[in-house]
Every structure is written in structure tokens, then in C-alpha cells.
Amino acid sequence: MKPIYFPEPFRIKSVEPLKMLTRQEREKKIAEANYNVFYLASRDVYIDLLTDSGTNAMSTNQWAGVMVGDESYAGAECYYHVQENAQKIFGMPYIQLVHQGRAAEKVLLPILLQGKKYAIANMHFDTTRAHVELSGARAIDCVVPEALDTTKYYDFKGNMDCDRLEQYIKELGADNIGVIIMTITNNSAGGQPVSIENIRKTRAIAKKHGIKFMIDAARYAENAYFVKQREKEFQNKTIQEIIAAEFEGADCFTMSAKKDAIVNMGGLIGCRDKALFELIKQRCISFEGFITYGGMSGRDIEALAVGLEEGTSEDYLKYRIGQMQYLAGRLEEAGIPFQSPVGGHAVFVDAKKLLPHIPYYEFPAQALCIELYKEAGIRACDIGSYMLGNDPDTGKQLEADFEFSRLAIPRRVYTQSHLDVIADALINIKERASTIKGYKIVEEPPILRHFTAKLKPIS
Ligand code: F0G
């Protein structure tokens, strides 16, 4: 079937010019960047798929909100607006603003993990893992086995493996586990959705054992769209009703608003328990700022209040998820392997399958990202062993379950022809895949190394 493109439910009022360097120039730039795409200047990138986080295009209403934003230190109007919208959408009485998702993690996780040894999640995003470790605990991933086979169709590859979760609780002791986290969508497994049935089941297990249940809600609206498409009970529900079901009964959530709230900066923490909220507020004042601005400027808070609502529009989500499905459709036609069915914010190309001759410790997904840049000025990122890093106890390179090169699509930014450029570049790379070499690390920091490590091609 020919890939379908759902037309944009908006028109374009303001544009940013782009320039494509020559192949020779790109080869020089990536070498100067130590073969780490995070060191590239954005002016040297033609299509930037590094992340869908904070790279979104805002609407006219959001830009109008920027002008209306109230910059008062305490009790700004936009604070009440965002509170009202967040309480309505997430159904939690206590909402704290922070400047992004990892700030929410920094504030909340040490509270939940105090005196505890473990956090268990369907999968931890890398900053979540880092904040679990910084709190002195260990992060355990517990995703369903279906997620590990990228070629196998499964509706909810983001789900928690509930049997394994029960087993972990038995082995490790409920008292040692500070929190059970459900990441929706499951970014590290490929932007894969989690079913409401699975959220309910996981929540019940957490409750039974007296463990806090937290949602990492970065892509709560994209998750809701998949639930509507794939979970029978919800096919006639509105996106708003499905979001309410996602958060129902959760003790708390952290959220990077830089994704589904379609803004460039922002984050939220939500909870139901007043005593927990008091602790959150205290840490927020120390690390982020007074509780009514939480590290944000008033203009960004107002844009966030508007974006929270826009991000739940079903027309918008159909176009948004449709972009992933179009790109994935083109790759499928060309026999390029990716996490299938495609997820909500990105196409995760399976570099382990495309470059089987490169072992995990020579970072096949990173190698593919470098090729994409050389080929067409496309910047993607490694979600594999390169990103996973070393075992914090032994210092040895860990082997990731996946070697993905992630093509994350910013919201409302690129057109169908940009997606075609991406597909064509990958098709060209596939033809010379066997000649592509791996990389070695020559310099690395101890934590979150992928941002700043330096690499060299293996000759
Ligand atoms: N949780 C998830 C599931 C995420 O995807 C991210 C960020 C965070 C937490 C942290 O949020 O960046 O606002 O501090 N993900 C981005 C990405 C960076 O590219 O996937 P943040």
C-alpha cells in the first residue's frame, strides 16, 4: 500500500531559511564535531531530527500568549491559567511548574527514592535513569518482550511486563522499591504506546505492594491517540477522556512539556497527596524558583497553558502520527528495518539489522547517524549502546537491547517533501551499508556521556 500523508491542519505564516552544505563540507564538519552530532552547529544541519523536544513550532494563539504572559515573580496570571488547564487535563489537584522534564525528575525522584534501592519502569528515559542513579538507587527496565523484536507487530510495545514486575518485587522486596514508573509513550522502546489496560494493571500491582506509581508523561497525548486507534474500550472516547484514564489513580507524574504541549521550554510535576506536594514545593524553590513560576518566564508559561490544550486536538494528532506513518511506510517499501509498528514521535531505524557487521561496542546506531549527516545533512541520534554507556558498578560498556538511530520529528515543523529527503537518504545508505565502519570512544564523561563524548572512526 502506498504510504498516505494526512495534510497539515494548519498553514504556515513564518518560515526559517535552511541551507544544505556540500558533502565535502559535511564530512569536514562531522570530523570537527568529533563524530558526535551534539557538537554540530545547527546552521550546518539541513533537517534536524535530533529530538522532538522543544523543537516544536508554536501556533498564532501561543505566540499571542507570549505577549500576554505575566512576568510577576509571584501569583502571575499565567500561573493560574496553566494550573487550571493542567488540573483539568490530568485530573490531579496539585501541579508544580518546572523548567523541563529533568528538572521535574531532579525535584521529585530524590523524595520518592529516599532510603530506597530501586526504581522500576517499563523503560527509563536516559535523564530519568540518571536521576534515579543520582538519588543513590538503581533503575530497572521491565518492558514487554514483544518490544525487543522490531519486526513483530504488537499494538502496545511500550507496555510493562507485569509478570516480570511482580517477580522483581518478590526478589528485591517491595520496601526497597521507591517508585514504579510508566513512561508514556515509551520513548526508549521506540516511542511505543502503552495501553490503558496495562497502566491499570501496573497501578494495581504498585498499590497492592504499597509502592508509589508515577507516570513519565512526556508524550501523554500521542499515547492517547494510539489508545483510541488500538484499544477497543476507547475507540469512541475523546482524546481528553483517554488522557484522564491514563492518569487515573496515579500517585504523581513528571512531564517534559517540550513534547506534547508543543512549546520550546517547560515542565510539570503533578501529585494527589498534599504532604508530597509540600516537599515538592520546597525542593522547587531551592532548585527551580518560586512555586508560581518554577524556573519559567511568564511568556513561556502562557504558551504552555495554550499548548496543553492544542496538543490534545484529534485533528492535529492524526496529522502528527500520520507523519511518522508516512515516513515509516516509505522505509518499509525500501526494506529498511525499523521498530514496527512505528511509534508516536520518531522513526527508530534498527541499525543492528541494517549494519549487522558492526558490534554493539562499535556503536552501529551512532555510525548510521554519522552516515545520515554525511549523506543529506540530516541530524539523528543514537538510542543504543552508545547512549546507554557503562555499568555504574563495573565501568564496563553495557549492551543495549536495541541499536536505534532515532529520527525524531519536531511538531508542525517539516513537510512531506522533507520526509521524502529523509527516506531517500536512507535508501542510498542501505545500498552501501556493508562498507560502513564502526566507531570507538576516545573521551567520555561518567554519566550521560552521549552528549559530550568524542569519537573516532575505526579504520
Ligand atoms: N522523559 C522522557 C520520556 C523523555 O523523552 C525526556 C526527554 C525526558 C523525560 C526529559 O525531559 O528533556 O525536558 O528534560 N526527551 C528528549 C528526547 C530529550 O530527545 O527524547 P527534558
Side-chain angles (χ1 to χ4, degrees), residues 37-38 42 48-56 96-109 119 121-134 139 141 143 147 157-158 160 179 181-194 199 214-223 246 252-270 284 287-288 294-296 300 303-304 307-308 311 324 339 343-348 365 369 379-384 386-388 402 404-411 413 447-448 450-452:
V37 293
F38 287 94
S42 77
D48 204 343
L49 309 181
L50 190 58
T51 179
D52 62 317
S53 179
T55 51
N56 307 304
Q96 177 60 58
L97 279 161
V98 288
H99 83 278
Q100 64 182 95
R102 69 200 70 183
E105 293 160 0
K106 179 179 177 182
V107 167
L108 181 60
L109 287 175
N122 52 343
M123 283 185 96
H124 295 81
F125 181 67
D126 56 348
T127 60
T128 324
R129 173 179 299 278
H131 280 291
V132 167
E133 288 172 6
L134 287 167
D141 288 342
V143 72
K157 281 187 169 178
M160 180 82 78
V179 61
I181 302 171
M182 191 65 102
T183 309
I184 59 170
T185 56
N186 185 332
N187 185 0
S188 310
Q192 293 293 315
V194 177
I199 294 176
M214 175 187 127
I215 294 190
D216 175 347
R219 299 177 181 84
Y220 64 97
E222 289 168 4
N223 198 78
E246 287 173 343
C252 52
F253 73 87
T254 55
M255 184 180 135
S256 169
K258 299 168 72 175
K259 285 84 169 169
D260 278 4
I262 329 184
V263 285
N264 305 118
M265 192 50 76
L268 295 173
I269 305 172
C284 185
F287 294 124
E288 288 286 283
M296 300 264 286
D300 286 334
L304 168 54
L308 279 174
M324 304 315 132
Q339 175 62 296
H345 67 291
V347 177
F348 287 65
C369 292
R379 173 156 66 174
C381 76
D382 173 291
I383 307 259
Y386 170 59
M387 185 180 98
L388 184 62
F402 308 103
F404 286 138
S405 300
R406 187 183 72 167
L407 314 172
I409 310 291
R411 293 168 186 76
V413 171
I447 209 163
L448 293 173
H450 55 292
F451 292 123
T452 54

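Order of listing sets the numbers, starting from 1, for every ligand and every atom in it. In this chain, residues are counted from 1 in sequence order. All values below were derived from every heavy atom in this structure, side-chain atoms included, with hydrogens, water molecules and symmetry-related copies excluded.
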A380: which residues meet the side-chain contact (heavy atoms from CB on, under 4.5 Å) condition with it, sequence neighbours left out? C369, L372, L407

Nearest non-hydrogen protein atom, atom 10 (C) of ligand 1: T127 OG1, 3.4 Å

Against D52, only a single residue in K259, R219, K258 fulfils side chain to side chain donor-acceptor pair (under 3.5 Å); can you say which? R219

Which of the ligand 1 atoms, numbered from 1, are nearer than 4.0 Å to a heavy atom of S256: 11 (O), 13 (O), 21 (P)

Matching residue for F253 among I269, L268, D216 - test: side-chain contact (heavy atoms from CB on, under 4.5 Å): L268

Is a side-chain donor-acceptor pair under 3.5 Å present for H99 with D300? no

Dump the intermediate steps for side-chain contact (heavy atoms from CB on, under 4.5 Å) on T183 and V194, then the final yes or no. CA-CA 8 Å; T183 309; V194 177; over 6 Å; no

Nearest 0.5 Å please: distance from the CG atom of L49 over to the CZ atom of R379. 9.5 Å

Does an N or O from D216, backbone or side chain, lie closer than 3.5 Å to an N or O of ligand 1? yes

closest protein heavy atom to atom 9 (C) of ligand 1 is E105 OE2, 3.3 Å

Among all protein heavy atoms, pick the one closest to atom 18 (C) of ligand 1 and tell me residue, atom and distance. F125 CZ, 3.8 Å

Could you pull out, from K259, M123, H124, the option with a heavy atom nearest to atom 7 (C) of ligand 1? K259

Per-atom filter on ligand 1: closer than 4.0 angstrom to a heavy atom of T183 are 3 (C)

Can you find an N or O of H345 that's nearer than 3.5 Å to an N or O of ligand 1? no

For ligand 1, is there an N or O atom under 3.5 Å from any N or O atom of G101? yes

Give yes if a backbone or side-chain nitrogen or oxygen of D52 is under 3.5 Å from a nitrogen or oxygen of ligand 1, and no if not. no

Are the side chains of L304 and M296 in touch, meaning some heavy atoms are under 4.5 Å apart? yes

So the atoms of ligand 1 within less than 4.0 Å of a heavy atom of Q100 turn out to be 12 (O), 13 (O), 14 (O), 21 (P)

Decide whether an N or O pair under 3.5 Å exists between N187 and ligand 1. yes

Check each heavy atom of R406 against ligand 1 and say whether those closer than 4.0 Å belong to the side chain, the backbone, both or neither. side chain

I need the full list of salt bridge (Lys or Arg N to Asp or Glu O under 4.0 Å) pairs touching residues 122-133, with sequence neighbours left out, sorted by first then second residue. R129-D141

Looking at T51, which atoms of ligand 1 are within less than 4.0 Å of one of its heavy atoms? 16 (C), 17 (C), 19 (O)

Quick one: nearest non-hydrogen protein atom to atom 12 (O) of ligand 1, plus distance? R102 NH2, 2.8 Å

Please work out whether any backbone atom (N, CA, C, O) or any side-chain heavy atom from C-beta onward of K258 is under 4.0 Å from ligand 1, and answer side chain, backbone, both or neither. side chain

Below 30° counts as parallel, above 60° as perpendicular, anything between as tilted: where do the rings of F348 and H345 land? perpendicular

Would you check if the side chain of D260 reaches a backbone N or O of A221 as a donor-acceptor pair within less than 3.5 Å? yes

